[in-house]
Enquirer: 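Below is the structure I would like to discuss, written out as C-alpha cells.
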Amino acid sequence: MNFLIKILFLISRLPLKVLYIFSDVMFFLNYYFVGYRKKVITQNLRNSFPDKSEEEIRKIKKKFYRNFSDYLVETIKSFSISETESRVRMQHINQELFHEAKAEGKNIILLAGHVFNWEWINALAKVIPQKHSHPVYRKVNSDFWENQMKKVRNKFGNEALEANEVIMNIFRSKNDGSSAYMFVADQTPHVAHVNYGLDFLNQRTPAFIGYDKLATRMDLVFIYCEMKKVKRGYYQVNYHRIYPDGEKFVEHEVVKKFHKLLENTLHKRPDNYLWSHRKWKYKDSIKTFDSEKI
C-alpha cells in the first residue's frame, strides 16, 4: 500500500493538463465501453428530469461522464496541489458572509452537495477568518484509504472530523464565531437511520438530518455552497446564507431549504452532479415523508 500511495503521489505531481489526458482516456473507455453504473445514472436522470427527452438525458449523461473523469484526476491532484494553485482554480464568492458570522460570534455550518468539484473546497481554510475549519467526512472501510483521504482533507490547516463525531464536537465547542464545519449534506443515510424524507428532484428522497438538530438547538450561521464549473480545471463556489422564516429555524426547515437550493443548482447545471450516487436506494424505508414541495 505504501508503494501505491507513492505512485499516486508521483502521478499527482503531474500538471493538470497532463492528468486531463488520462481523464480523456477514462471518459472514452467508460462512456463507450465500460459504462460505470450506466443503469443507475440513466434512471436517476430520467426520474429527476421527467420533462426532458431521451436525447437531452443522453447529452447530460455524456457530459456527466466527462466531468466525472475530470473529478477523478482532480481528486488525485489533491494529494499534492499547492495552496496557490488551489486558490487560483477555486474562486470563493461572497466571502463577506464569513466575516459577518465572525462579527456575530456564531460558528458556521457549510452545506454542499455532491457537485463537482466539492473536494477542492478545502483551501477555503486559508481564506476565511475562522480559526478552525472542519471538513466532515464519512469513514471508509479501508484503513489505508481512510488515512490517505483524511490527509487530503487536513491540508491547508483543516481539521477533518468523521461524521459520527462531528455533531457532539459542535455541541461541546464554544459557539463564538471561530469555527466552520463543512458538510456534504446530501449524503444518503444508512437504511437504519432513514427517518425523514422529502420531495427532491421529483422523487421521495431520504434526507440526512444531523445538522437539523444543530439548527433548532444552537444559534449558528448556515451557508449553502453553490458549486459551478467555470471551465475545465476552474470552479467557483458562491456562498449563500440560509435564514429561518421566523426568529429561529424550526424542525426540518434548514433541510428543506438546503435541498431547494441544491435542486435549483442542478436544474441550471445538471451534468455536474454525482448521478452515480445511489441517493434513492432507501426511498421505500422513509418513516416520515414530508410531501410539501420544497
Side-chain angles (χ1 to χ4, degrees), residues 16-78 89-90 111-121 138 140 184-189 197-208 224-238 258-284 293-294:
L16 266 170
K17 63 181 179 180
V18 176
L19 291 176
Y20 284 136
I21 296 174
F22 291 103
S23 174
D24 290 339
V25 173
M26 281 193 293
F27 160 72
F28 180 81
L29 293 175
N30 202 6
Y31 182 73
Y32 290 103
F33 296 100
V34 179
Y36 170 72
R37 291 192 175 179
K38 184 177 180 180
K39 290 183 178 179
V40 172
I41 294 163
T42 302
Q43 195 61 53
N44 283 345
L45 286 171
R46 284 174 178 164
N47 292 342
S48 298
F49 305 109
D51 295 334
K52 293 189 180 298
S53 68
E54 284 300 308
E55 178 62 17
E56 289 174 308
I57 295 296
R58 187 193 66 79
K59 288 180 179 179
I60 294 171
K61 182 168 60 177
K62 187 173 184 178
K63 288 181 180 179
F64 160 77
Y65 274 111
R66 286 193 179 277
N67 291 328
F68 181 64
S69 297
D70 283 355
Y71 159 74
L72 292 177
V73 299
E74 288 167 2
T75 299
I76 292 174
K77 186 63 180 177
S78 299
R89 292 186 175 279
M90 177 68 80
L111 303 176
H114 282 92
V115 180
F116 304 125
N117 183 343
W118 70 91
E119 294 286 0
W120 276 9
I121 202 172
R138 271 190 172 182
V140 296
V184 181
D186 62 338
Q187 297 279 7
T188 301
L198 42 65
D199 189 333
F200 171 68
L201 290 173
N202 300 296
Q203 300 170 77
R204 290 172 58 94
T205 305
F208 170 71
Y224 171 64
C225 310
E226 183 180 15
M227 301 292 300
K228 177 182 178 182
K229 187 171 186 175
V230 180
K231 61 180 180 179
R232 196 176 211 182
Y234 293 89
Y235 298 85
Q236 286 181 350
V237 53
N238 198 342
F258 161 69
H259 279 85
K260 179 61 177 177
L261 289 164
L262 179 59
E263 188 173 82
N264 290 341
T265 297
L266 300 185
H267 277 289
K268 287 186 286 186
R269 294 175 289 274
D271 52 284
N272 279 325
Y273 192 55
L274 189 64
W275 294 108
S276 56
H277 182 41
R278 299 180 187 273
K279 184 169 179 59
W280 292 278
K281 62 181 176 180
Y282 298 137
K283 62 182 180 180
D284 294 331
K293 293 293 290 185
I294 59 173

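The shown structure was predicted, so the numbers you read here are calculated from the model rather than taken from an experiment.
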Enquirer: Any non-hydrogen side-chain atom of Thr188 less than 4.5 Å from a side-chain atom of His277?
Expert: yes
Enquirer: Quick check for you: to the nearest 0.5 Å, what is the distance between Asn44 atom CG and Trp275 atom CH2?
Expert: 7.0 Å
Enquirer: Please confirm whether Lys231 makes a cation-pi placement over Tyr234, using NZ or CZ under 6.0 Å from the six-membered ring centre and within 45° of the ring normal.
Expert: yes
Enquirer: Can you check side chain to side chain donor-acceptor pair (under 3.5 Å) on Asp271 and Tyr65, steps first, answer last?
Expert: CA-CA 8 Å; Asp271 52 284; Tyr65 274 111; over 6 Å; no
Enquirer: Starting at CD1 of Ile41, measure out to CG of Leu274 and round the result to the nearest 0.5 Å.
Expert: 8.5 Å
Enquirer: Taking all heavy atoms of Val73 and all of Phe22, pick out the closest pair and write down the distance.
Expert: CG1-CB, 4.4 Å
Enquirer: Provide the closest heavy-atom pair for Leu111 versus Ala185 in the form atom of the first, atom of the second, distance.
Expert: CD2-CB, 3.8 Å
Enquirer: Taking the six-membered ring for Trp, is the centroid-to-centroid distance between Phe116 and Tyr71 below 6.0 Å?
Expert: yes
Enquirer: Under the criterion side chain to side chain contact (heavy atoms under 4.5 Å, CB included), I'd like the reasoning laid out for Lys77 against Leu16: C-alpha separation, chi angles, the key distance, then a yes or no.
Expert: CA-CA 7 Å; Lys77 186 63 180 177; Leu16 266 170; 4.1 Å; yes
Enquirer: Verify side chain to side chain contact (heavy atoms under 4.5 Å, CB included) between Glu54 and Arg46, making sure each step is shown before the conclusion.
Expert: CA-CA 8 Å; Glu54 284 300 308; Arg46 284 174 178 164; 3.0 Å; yes
Enquirer: Working to the nearest 0.5 angstrom, can you tell me the gap between Gln236 CD and Asn238 CG?
Expert: 7.5 Å
Enquirer: Is a side-chain N or O of Thr265 found less than 3.5 angstrom from the main chain of Leu261, in a donor-acceptor match?
Expert: yes
Enquirer: Check for me whether Lys17 meets the cation-pi criterion with Tyr20, that is, NZ or CZ under 6.0 Å from the six-membered ring centre and within 45 degrees of the ring axis.
Expert: no
Enquirer: Using a strict threshold of under 4.0 Å (side-chain N to carboxylate O), is an ion pair present between Arg269 and Glu226?
Expert: yes
Enquirer: Which residue pairs satisfy the salt bridge (charged side-chain N to carboxylate O under 4.0 Å, His left out) criterion with at least one member in residues 65-75, sequence neighbours excluded?
Expert: Asp70-Lys229, Asp70-Arg232
Enquirer: Quick one: side chains of residues 197-208, donor-acceptor pairs under 3.5 Å with protein atoms, not counting sequence neighbours, listed by atom name and distance.
Expert:
residue, atom, partner, partner atom, Å
Asn202, ND2, Ser48, O, 2.9
Gln203, NE2, Ser48, OG, 2.9
Gln203, NE2, Leu201, O, 3.3
Thr205, OG1, Phe200, O, 3.3
Thr205, OG1, Gln203, O, 2.9
Thr205, OG1, Trp280, NE1, 2.7

Enquirer: Please check: side-chain N/O of Glu56 versus main-chain N/O of Ser53, any donor-acceptor pairing under 3.5 Å?
Expert: yes
Enquirer: Do Asp186 and Val184 make a side-chain contact, defined as non-hydrogen atoms from C-beta onward lying under 4.5 Å apart?
Expert: yes
Enquirer: If you take all heavy atoms of Tyr282 and Pro189, which pair is closest and at what distance?
Expert: CD1-O, 3.4 Å
Enquirer: To check you understand the geometry: which heavy-atom pair defines the closest contact between Cys225 and Val237, and what is its length?
Expert: CB-CG2, 3.7 Å
Enquirer: Say you draw a straight line from CZ of Phe68 to CG of Asn272; how long is it, rounded to the nearest 0.5 Å?
Expert: 13.5 Å
Enquirer: Looking only at heavy atoms, what is the nearest atom pair of Gly113 and Trp118, with distance?
Expert: O-CB, 3.9 Å
Enquirer: Please name the pair of heavy atoms, one in Tyr273 and one in His114, separated by the smallest distance, quoted to 0.1 Å.
Expert: CD1-O, 3.2 Å
Enquirer: Run the salt-bridge test on Arg58 and Glu55 with the 4.0 Å N-O cut-off and return the result as yes or no.
Expert: yes
Enquirer: To the closest 0.5 Å, what do you measure between OG1 (Thr42) and CD1 (Ile57)?
Expert: 8.5 Å
Enquirer: Within this structure, what is the CG-CD1 distance for the pair Leu45 and Ile60, rounded to the nearest 0.5 Å?
Expert: 6.0 Å
Enquirer: Give the table of side-chain donor-acceptor pairs shorter than 3.5 Å for residues 28-39, with sequence neighbours excluded, one pair per line with atom names and distance.
Expert:
residue, atom, partner, partner atom, Å
Asn30, OD1, Tyr36, N, 2.8
Tyr32, OH, Lys62, NZ, 3.4
Arg37, NH1, Ser276, O, 2.8

